[in-house]
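Step one of this worksheet: look at the structure below.
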Amino acid sequence: MKKITQTLTAALCYGVLGMAPALAQDIGSVTTEDVRRAATDACDDGSVYRVAYSHSVSEVAIVKQVRRFADERARYLGCVEVLHDNTQANNLEQQINAIQGWITLGVDAIVVLPIEPTALQPLQRQAQAQGIKWLTYLGEMEGSDGFVGFNHAQSGQIIAEAAVDWAKENNVEAPKALVTTLTPLPSLAPRWTEVTRIFEENGIEVVAQQDAADQTNGLRVAETVLQQHPDLDIVIGMADDAAVGALRAIKLTGADASKIFVGGQDGSLEGLSAVNDGGAYRASAAILINELGANIVDLALNAVRGNGPSFAYTPTVLATKANQELLDNLLTNYDR
């Protein structure tokens with residue numbers, strides 16, 4: 001278990017906390033336009049806001065891009081400063097120290113991916129007692145003032161349906177699939193349970209489900225399954241990293257890439273690049289990280305001002321070569 005946890009640090013940037021069903025139902029109908037509209041006039045009355053954002057693995061590449069988009073949104077509005085901490089490798093002490101500093105500074109809102117919610121509850125109470133809004137990122141804490149995240153079920157559904165469509169279009173008979181999981185983090189389960197559900201409904205046999213969220217484990221698992229099932233048709237990674245590793249296994253084993261569908265989730269740079277290259281890697285359920293970064297700012301402002309939604313999902317879209325314009329736009333998010 002220790003080795004698995006160490007190799008899955010990057011997976012934590014996709015959310016380790018459970019979403020309460022009630023919360024998910026409340027925010028399901030909130031659109032990006034709703035969020036933006038409420039925050040548009042935040043600077044009109046001369047107010048200035050400070051929004052603090054703490055991620056548990058700030059060193060991860062995709063997190064750096066999300067932070068950049070938060071900063072860009074703040075500059076665009078003109079009256080917002082985003083403060084970032086340097087919490088790395090899920091270091092709880094670093095996160096606690098940063099949040100304590102922000103409370104002392106008297107920021108307007110704190111947006112945090114809690115490493116250990118129980119340990120942060122006293123800080124949440126202290127912040128809210130001082131009028132500081134407390135929002136959680138990718139997970140829920142009881143009594144929070146907002147939520148910034150995305151929908152794991154939507155991600156699993158999007159990539160599963162893409163694989164089903166591919167199998168039908170290519171007249172694949174009795175398709176067989178490998179689906180990677182991450183059972184130590186059950187809050188992510190819809191990324192694979194929705195896939196297996198949709199596959200079962202469409203006559204796709206899942207011949208293997210194994211934990212793999214990074215490239216090393218994706219390669220290892222796919223190599224093993226390909227040895228057991230050389231006629232494997234579909235590989236779905238619970239994250240793009242797992243799928244990229246599986247793609248390497250396909251190349252190393254000499255499997256016919258033209259007859260395999262590889263799909264990932266998140267829209268990482270390597271995943272999107274693999275889609276763009278063509279071949280077996282055909283799709284990624286990609287989070288709009290530019291919107292995710294902007295939502296950090298806008299949802300915090302909405303919570304502070306009390307005039308719009310402060311709980312919202314950021315959309316996930318299907319990235320394929322068939323929609324090159326969208327794929328190019330998603331890749332552009334990593335240009336800087």
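Given the structure is predicted, the values throughout are model-derived calculations rather than measurements.
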Report yes if the side chains of L327 and N323 come closer than 4.5 Å at any heavy-atom pair, otherwise no. no
Distance from I289 atom CD1 to N333 atom CG, nearest 0.5 Å? 4.5 Å
Determine yes or no for a side-chain-to-main-chain donor-acceptor pair under 3.5 angstrom, with D241 supplying the side chain and Q215 the backbone. no
Please determine if R191 and D266 form a salt bridge, counting it only when a charged side-chain N lies under 4.0 Å from a carboxylate O. yes
Expected output: side-chain D240 to main-chain G267 donor-acceptor under 3.5 Å: yes
As an exercise, state the distance from CG of L272 to CG of L331, rounded to the nearest 0.5 Å. 5.0 Å
Between N276 and Q324, is there a side-chain donor-acceptor contact under 3.5 Å, judged purely by atom types and distance? yes
Crowding at CD, E201 (>12 non-hydrogen neighbours, <6.0 Å): yes
Do the side chain of Q128 and the main chain of G143 share a donor and acceptor less than 3.5 angstrom apart? yes
In terms of heavy-atom contacts, does CD of Q121 have more than 12 from other residues, nucleotides or ligands at under 6.0 Å? yes
Short question: side chain of D34, backbone of T31 - any donor-acceptor pair under 3.5 Å? yes
Gap between atom OG1 of T316 and atom CG of N151 - 0.5 Å precision: 7.0 Å
Salt-bridge contact R67-E72 (side-chain N to carboxylate O under 4.0 Å): no
Rounded to the nearest 0.5 Å, how far apart are CG of L318 and CD of Q157? 13.0 Å
Any heavy-atom pair between the side chains of R50 and W102 that's under 4.5 Å? no
V80 and side-chain contact (heavy atoms from CB on, under 4.5 Å): which partner among D108, D298, V297? V297
With rounding to the nearest 0.5 Å, note down the distance linking NE2 in H229 to OG1 in T224. 11.0 Å
Looking only at heavy atoms, what is the nearest atom pair of Q265 and S155, with distance? OE1-OG, 2.6 Å
Just so I know, are the side chains of L288 and F150 near enough to count as touching, which here means a heavy-atom distance under 4.5 Å? no
At their closest point, which heavy atom of F261 faces which heavy atom of A162, and how far apart are they? CE1-O, 3.8 Å
Without hydrogens or angle criteria, can the side chains of R36 and N295 be said to hold a donor-acceptor pair below 3.5 Å? yes
Does Q124 form a side-chain hydrogen bond (donor to acceptor under 3.5 Å, both in side chains) with E142? I'd like the steps, not just the answer. CA-CA 10 Å; Q124 177 185 358; E142 184 176 354; over 6 Å; no
When every non-hydrogen atom of A212 is compared with those of G218, the smallest separation belongs to CB-N, 3.8 Å
Would you sort out whether I234 and L178 count as a side chain to side chain contact (heavy atoms under 4.5 Å, CB included), showing the intermediate values? CA-CA 6 Å; I234 298 170; L178 159 65; over 6 Å; no
Donor on one side chain, acceptor on other, S310 and N302, under 3.5 Å: no
Stepwise side-chain hydrogen bond (donor to acceptor under 3.5 Å, both in side chains) test for D71 and H84: CA-CA 10 Å; D71 291 338; H84 301 285; 2.8 Å; yes
Is any side-chain heavy atom of Y137 closer than 4.5 Å to a side-chain heavy atom of I296? yes
Where is the tightest heavy-atom contact between T320 and A283, given as atom of each residue plus distance? CG2-CB, 3.8 Å
Short question: side chain of Q95, backbone of P114 - any donor-acceptor pair under 3.5 Å? no
I need the minimum non-hydrogen distance between A242 and G237, along with the two atoms involved. CB-CA, 4.3 Å
Should V48 and V111 be counted in the same cluster of Ile, Leu, Val, Met, Phe, Trp and Tyr side chains packed under 4.5 Å apart? no
Separation between CG of L92 and CG of L120, rounded to the nearest 0.5 Å: 6.0 Å
Just by modelled atom types, is the T118 backbone N or O under 3.5 Å from a matching donor or acceptor in the E116 side chain? yes
According to a hydrophobic-cluster definition based on side-chain heavy atoms being under 4.5 Å apart (Ile, Leu, Val, Met, Phe, Trp, Tyr only), do I96 and L105 belong together? yes
Ignoring hydrogens and geometry, is there a side-chain-to-backbone donor-acceptor pair from N202 to I198 under 3.5 Å? yes
Check against side-chain hydrogen bond (donor to acceptor under 3.5 Å, both in side chains), Q88 and N86: CA-CA 6 Å; Q88 297 186 3; N86 194 38; 3.1 Å; yes
Does the side chain to side chain contact (heavy atoms under 4.5 Å, CB included) test come out yes or no for V172 and W166, once each step is laid out? CA-CA 8 Å; V172 181; W166 173 85; 4.0 Å; yes
In terms of hydrophobic clusters joined by side-chain contacts under 4.5 Å, are L219 and L247 together? no
Can you check whether M238 reaches V195 side chain to side chain, under 4.5 Å on heavy atoms? no
Same apolar cluster (I L V M F W Y, side chains within < 4.5 Å links), V244/L252: no
K259 atom NZ, neighbour heavy-atom count above 12 within 6.0 Å: no
Compare all side-chain heavy atoms of I110 with those of Y53 and state whether any distance is below 4.5 angstrom. no
Distance-only side-chain donor-acceptor flag, Q154 / E194, under 3.5 Å: no
Derivation and outcome, salt bridge (charged side-chain N to carboxylate O under 4.0 Å, His left out), residues D277 and K321: CA-CA 9 Å; D277 289 341; K321 285 290 284 184; over 6 Å; no
Judged by modelled atom types alone, do S47 and D45 share a side-chain donor-acceptor pair under 3.5 Å? yes
Quick one, I260 and Y281 - any side-chain contact, counting heavy atoms below 4.5 Å? no
Any chance you could lay out the side chain to side chain contact (heavy atoms under 4.5 Å, CB included) test for L113 and S54, step after step, and finish with the verdict? CA-CA 6 Å; L113 195 166; S54 173; over 6 Å; no
In short, I103 meets L123 closest at the heavy-atom pair CD1-O, 3.6 Å
Any donor-acceptor pair under 3.5 Å linking the side chain of H55 with the backbone of V57? yes
For K64 and I62: C-alpha separation, side-chain torsions, deciding distance, then whether side chain to side chain contact (heavy atoms under 4.5 Å, CB included) applies. CA-CA 5 Å; K64 293 178 181 178; I62 194 170; over 6 Å; no
Hey, does the side chain of D145 reach the backbone of A303 with a donor-acceptor pair shorter than 3.5 angstrom? no
Within-4.5 Å side-chain heavy-atom neighbours: V107 and Y49: no
I'd like to know if the side chain of N91 and the backbone of Q94 have a donor-acceptor N/O pair within less than 3.5 Å. yes
